[in-house]
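Just so it is clear, the model here is predicted, and its values are computed rather than measured.
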Amino acid sequence: MPVKSVKDLFVHEISDTYNAEKQMTRSLPKLARAATDPDLQQAFEDHLQETRNQVERLEQVAEQCGFKLKRIKCDGMEGLVEETMSLVDLIEKGPVLDAALIGAAQKAEHYEIAGYTSLCLLAKKLGFADALPLLQTSLSEEQATDQRLGLLAEAAQIEEATA
């Protein structure tokens, strides 16, 4: 479907974000299994549930705004997931891999934060007032996850990885 209007762009971006979140629901369990730090494992497991809720919210946004989600592959998230999985294959399980996983996860969070920020702006511009709180909730969750990962990055596992 060609994008010819701001509404078309909104539909495209919601659909792209939906696919990105679906990719995350498949990759987060792998990240939790690859991590050795219990707090990092828990962060991935907690974010998996949030991500499932974000998928549901995006479905609600589409329904509220009166459109169907398009079948779009999010190439950006696909690249981030592939890059992360290559780190899992490249680095021995332990503190160094944990440090790499935190960095990779923060890249994905920043990507999602940018996406949700844009979606909130588009929803405002299009007058989708009912959709805005749903999108803002997901944006807040992504920001909180990024902050949590940042705190983990400052914790012992990176110091251990550099020792």
Side-chain angles (χ1 to χ4, degrees), residues 1-35 40-89 99-153:
M1 170 181 134
V3 175
K4 296 182 179 180
S5 68
V6 175
K7 185 174 181 190
D8 291 346
L9 178 61
F10 184 69
V11 172
H12 176 84
E13 292 300 311
I14 288 282
S15 299
D16 186 74
T17 302
Y18 180 78
N19 181 263
E21 296 293 13
K22 295 290 267 188
Q23 289 184 51
M24 289 300 294
T25 62
R26 292 187 296 274
S27 67
L28 283 166
K30 296 174 188 173
L31 300 184
R33 286 191 301 273
L40 182 57
Q41 290 171 338
Q42 190 62 54
F44 289 141
E45 290 168 9
D46 293 346
H47 195 54
L48 175 58
Q49 187 53 52
E50 283 181 348
T51 302
R52 288 178 179 140
N53 293 337
Q54 291 163 358
V55 166
E56 289 176 15
R57 278 190 217 108
L58 291 167
E59 292 168 350
Q60 291 173 349
V61 167
E63 186 178 319
Q64 287 178 352
C65 296
F67 62 83
K68 292 186 186 260
L69 292 163
K70 306 295 177 198
R71 294 182 66 92
I72 294 174
K73 179 178 73 173
C74 180
D75 294 324
M77 186 58 73
E78 182 180 52
L80 289 167
V81 169
E82 286 178 12
E83 184 178 307
T84 303
M85 291 304 126
S86 71
L87 292 172
V88 171
D89 294 339
L101 292 174
I102 290 169
Q106 283 193 290
K107 286 181 187 180
E109 292 309 310
H110 289 210
Y111 183 80
E112 291 176 313
I113 288 166
Y116 279 110
T117 300
S118 178
L119 287 172
C120 287
L121 176 66
L122 291 172
K124 284 181 194 175
K125 294 285 184 185
L126 291 166
F128 292 136
D130 292 343
L132 196 53
L134 296 169
L135 295 170
Q136 288 172 329
T137 297
S138 293
L139 174 59
S140 294
E141 289 173 351
E142 300 295 4
Q143 291 167 330
T145 297
D146 179 53
Q147 185 174 26
R148 183 176 181 184
L149 289 166
L151 292 173
L152 287 170

Are [X] and [Y] ion-paired here, with the side-chain N under 4.0 Å from a carboxylate O?
X	Y	result
Asp46	Arg148	yes
Arg57	Glu141	yes
Glu83	Lys107	yes

What are the two closest non-hydrogen atoms of [X] and [Y], and how far apart are they?
X	Y	result
Ala105	Phe44	CB-CE2, 3.8 Å
Ala43	Leu152	CB-CD1, 3.9 Å
His47	Thr145	ND1-OG1, 3.0 Å

Could you measure the distance from the [atom1] atom of [X] to the [atom2] atom of [Y]? Nearest 0.5 Å is fine.
X	Y	atom1	atom2	answer
Glu45	Leu28	CD	CG	10.0 Å
Leu58	Gln60	CG	CD	9.5 Å
Lys22	Arg52	NZ	CZ	10.0 Å
Leu101	Gln41	CG	CD	10.5 Å
Leu121	Leu135	CG	CG	11.5 Å
Leu119	Leu9	CG	CG	8.5 Å

Pairwise side-chain contact, [X] with [Y], heavy-atom cut-off 4.5 Å (strictly under):
X	Y	answer
Gln143	Tyr116	no
Phe10	Val61	yes
Leu132	Cys120	yes
Ser27	Thr84	no
Cys74	Tyr111	yes
Lys30	Met85	yes
Met24	Gln54	no
Val3	Val11	no

Next item on the list: Apply ring pair (Phe, Tyr, Trp, His ring centres under 6.0 Å) to Tyr18 and list each qualifying residue two or more places apart in sequence or on a separate chain.
Entry: none
Check: With Glu142, which of Glu50, His110, Glu109 fulfils side-chain contact (heavy atoms from CB on, under 4.5 Å)?
Finding: Glu109
Checklist line | Donor on one side chain, acceptor on other, Gln106 and Asp146, under 3.5 Å | finding: yes
Checklist line | Of all pairs that satisfy ring pair (Phe, Tyr, Trp, His ring centres under 6.0 Å), the ones with a partner from residues 131-150, not counting sequence neighbours | finding: none
Item checked: Over 12 non-hydrogen atoms of neighbours within 6.0 angstrom of CD in Gln147 -> no
Margin query: Take a 6.0 Å sphere around CD of Gln42 and say whether it holds more than 12 heavy atoms from other residues, nucleotides or ligands.
Written below: yes
Checklist line | Main-chain N/O of Ala114 paired with Ser118 side-chain donor or acceptor, under 3.5 Å | finding: no
Next item on the list: Using modelled atom types only, decide if a donor and an acceptor are shared between the side chain of Gln23 and the backbone of Glu78 within a distance under 3.5 Å.
Entry: yes
Next item on the list: Evaluate the side-chain contact (heavy atoms from CB on, under 4.5 Å) criterion for residues Ile14 and Phe67: first the C-alpha distance (whole Å), next the side-chain angles of each, then the deciding distance (0.1 Å), finally the verdict.
Entry: CA-CA 10 Å; Ile14 288 282; Phe67 62 83; 4.2 Å; yes
Checklist line | side-chain contact (heavy atoms from CB on, under 4.5 Å) assessment of Leu69 paired with Glu59 | finding: CA-CA 8 Å; Leu69 292 163; Glu59 292 168 350; 4.1 Å; yes
